[in-house]
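Counting convention: from 1, in listed order, for ligands and their atoms alike. One is the number of the first residue; the rest follow in order along the sequence.
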Amino acid sequence: MKNLESLVRPNIWALEPYSCARDEFKGMEAHVFLDANENPYNDPINRYPDPLQEKLKARLAPLKGVRASQIFLGNGSDEAIDLVYRIFCVPEEDNVVAIAPTYGMYKVCSDINDVEYRSVALSEDWQLNAKALLAATDAHTKVIWICSPNNPSGNDFPRETIHEVLTNFEGIVVIDEAYSDFSTQIPFRSLLDNYPNLIVLNTFSKAWASAAIRLGMAFASEEIIALFNKVKYPYNVNLLTQEKALALINDFAAIDGWQAQIRREREHVLPALAELPIVLKVFPTDANFVLVKVTEADRIYRYLVEQGIVVRNRNRVQLCENCLRITIGTRQENNELLGALRFFK
Ligand SMILES: *Cc1c(COP(=O)(O)O)cnc(C)c1O
């Protein structure tokens, strides 16, 4: 890896961050808080929340097998994705490399930040070629994006292939593991200490069933997390979200139960889809959704909407012609979908 300073935007490296009232006063002895122009009424939401979410990080660290200082929490993973650009990429000068097809926010955030986005197509069976990915980089490539299990293809990439990218690229490699709880692969966040250039993304939105609270996680070296903390909005994760997340973690058995149920449903839905005459291919999946190639995606999509069932039409996405992306739901929801598809003419 290049030294961190040479990868970070010079203005960010030099940035003197905003120091909020709760940063300056850290002691717990005070009981009269007249430092932040808060309203003394309407407890508890009258107070600014912990800017670094320390209680929540202390609970998450053992669950995720990382140190609390290696965690950034944001308003969904989407905040972490945007911050990666704002920290590392000089607009109009630097570039990033990603696979295609993949999660759309990497490209949207590159456009917003005016950073060139280079995409390298996966093979027909959604495999990643590390050499091709590395060949697309140049001296101005700051970041490589890898989503595994990948959205929308659903598969995770062989660990050796990802290791090859991590070892041979001098810049930052972001591995988005939003769906890793549905996969049997060992997650890459366990290797933070081996790869100083690694950032791993996780989210509360999928396996942890909490998309509405908007809470995403980034795991990286302490030096990289310090940069995230410097650039983020001071109170980026609100109190209600922090409290809801703590309550969820206290009931971790529920999360495990949902995950097990979704995996079982996946085993039920995949073969049933494969038997339908309108389904040409069910791609292998390690996530809580499946990409399916059908005879005529647009018509089937519209037909399902008429039945009150929404799936994701990926027909116009690169390499995904006539593909629908279908989330695994409850047994009843899945059966409703399968029943509707059986009647499609
Ligand atoms: C759903 C998803 C996320 C989660 O985004 P949040 O902002 O945390 O809800 C992240 N990455 C990928 C690839 C996803 O599909």
Side-chain angles (χ1 to χ4, degrees), residues 53 56-57 60 63-64 71-86 96-110 112 117 119 122 126 128 143-157 162 172-183 185 187-189 198-220 228 232-233 236-238 240-242 244-245 248-249 255 258-259 262 266 283 285-291 310-314 317-320 323-329:
Q53 312 95 25
L56 184 51
K57 286 177 184 169
L60 279 169
L63 282 174
K64 294 290 183 179
I71 305 176
F72 161 80
L73 297 178
N75 189 329
S77 312
D78 292 346
E79 182 180 355
I81 293 168
D82 187 54
L83 282 172
V84 166
Y85 286 100
R86 294 168 66 199
V96 303
V97 169
I99 55 177
T102 194
Y103 185 47
M105 282 305 287
Y106 316 140
K107 170 77 165 62
V108 171
C109 289
S110 79
I112 291 171
Y117 183 91
S119 65
L122 298 174
W126 309 128
L128 165 66
V143 179
I144 293 180
W145 295 96
I146 296 175
C147 183
S148 181
N150 186 38
N151 180 1
S153 56
N155 58 311
D156 46 24
F157 300 113
I162 298 179
I172 300 294
V173 179
V174 183
I175 306 180
D176 187 342
E177 297 191 323
Y179 299 98
S180 62
D181 287 322
F182 299 108
S183 161
Q185 266 195 24
F188 269 88
R189 61 172 186 269
L198 170 62
I199 299 175
V200 174
L201 304 182
N202 275 195
T203 178
F204 275 66
S205 299
K206 308 289 161 57
W208 289 22
S210 305
I213 71 171
R214 309 306 303 130
L215 190 56
M217 299 163 263
F219 309 112
F228 275 87
K232 76 181 185 72
Y233 290 157
N236 61 326
V237 178
N238 72 68
L240 304 180
T241 292
Q242 294 187 44
K244 199 75 188 170
L248 179 83
I249 290 170
I255 300 177
W258 298 325
Q259 272 172 42
I262 290 168
R266 190 170 66 184
F283 290 102
T285 178
D286 302 290
N288 67 332
F289 61 85
V290 57
L291 193 70
V310 202
V311 299
R312 194 91 154 115
N313 188 357
R314 300 284 74 185
V317 171
Q318 187 179 353
L319 297 177
C320 297
C323 286
L324 301 174
R325 193 194 69 195
I326 302 173
T327 308
I328 306 296

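The structure places CG of L128 at 9.0 Å from CG of N150, a figure rounded to the nearest 0.5 Å. In this structure, CD1 on I262 lies 11.5 Å from NZ on K206, to the nearest 0.5 angstrom.
Between the side chains of Q53 and N236, at least one donor N or O lies within less than 3.5 Å of an accepting N or O. Judged by distance alone, the side chains of Y106 and D176 do bring a donor and an acceptor atom under 3.5 Å apart.
Between F157 and I99 there is a side-chain heavy-atom pair separated by less than 4.5 Å.
Checked options D286, N155, D156; the residue passing with S183 is D156 (criterion: side-chain hydrogen bond (donor to acceptor under 3.5 Å, both in side chains)).
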Give one line per pair: atom of ligand 1, protein atom, distance. Only N/O to N/O under 3.5 Å.
{"unit_1": "ligand 1", "atom_1": "7 (O)", "unit_2": "S77", "atom_2": "N", "d": "3.1"}
{"unit_1": "ligand 1", "atom_1": "7 (O)", "unit_2": "D78", "atom_2": "N", "d": "3.3"}
{"unit_1": "ligand 1", "atom_1": "7 (O)", "unit_2": "D78", "atom_2": "OD1", "d": "3.4"}
{"unit_1": "ligand 1", "atom_1": "7 (O)", "unit_2": "D78", "atom_2": "OD2", "d": "3.4"}
{"unit_1": "ligand 1", "atom_1": "7 (O)", "unit_2": "R214", "atom_2": "NH2", "d": "2.7"}
{"unit_1": "ligand 1", "atom_1": "8 (O)", "unit_2": "S77", "atom_2": "N", "d": "2.7"}
{"unit_1": "ligand 1", "atom_1": "8 (O)", "unit_2": "S77", "atom_2": "OG", "d": "2.9"}
{"unit_1": "ligand 1", "atom_1": "8 (O)", "unit_2": "T203", "atom_2": "OG1", "d": "2.6"}
{"unit_1": "ligand 1", "atom_1": "9 (O)", "unit_2": "S205", "atom_2": "OG", "d": "2.7"}
{"unit_1": "ligand 1", "atom_1": "9 (O)", "unit_2": "R214", "atom_2": "NH1", "d": "2.9"}
{"unit_1": "ligand 1", "atom_1": "9 (O)", "unit_2": "R214", "atom_2": "NH2", "d": "3.3"}
{"unit_1": "ligand 1", "atom_1": "11 (N)", "unit_2": "D176", "atom_2": "OD1", "d": "3.4"}
{"unit_1": "ligand 1", "atom_1": "11 (N)", "unit_2": "D176", "atom_2": "OD2", "d": "2.7"}
{"unit_1": "ligand 1", "atom_1": "15 (O)", "unit_2": "N151", "atom_2": "ND2", "d": "2.9"}
{"unit_1": "ligand 1", "atom_1": "15 (O)", "unit_2": "Y179", "atom_2": "OH", "d": "2.6"}
{"unit_1": "ligand 1", "atom_1": "15 (O)", "unit_2": "K206", "atom_2": "NZ", "d": "3.3"}

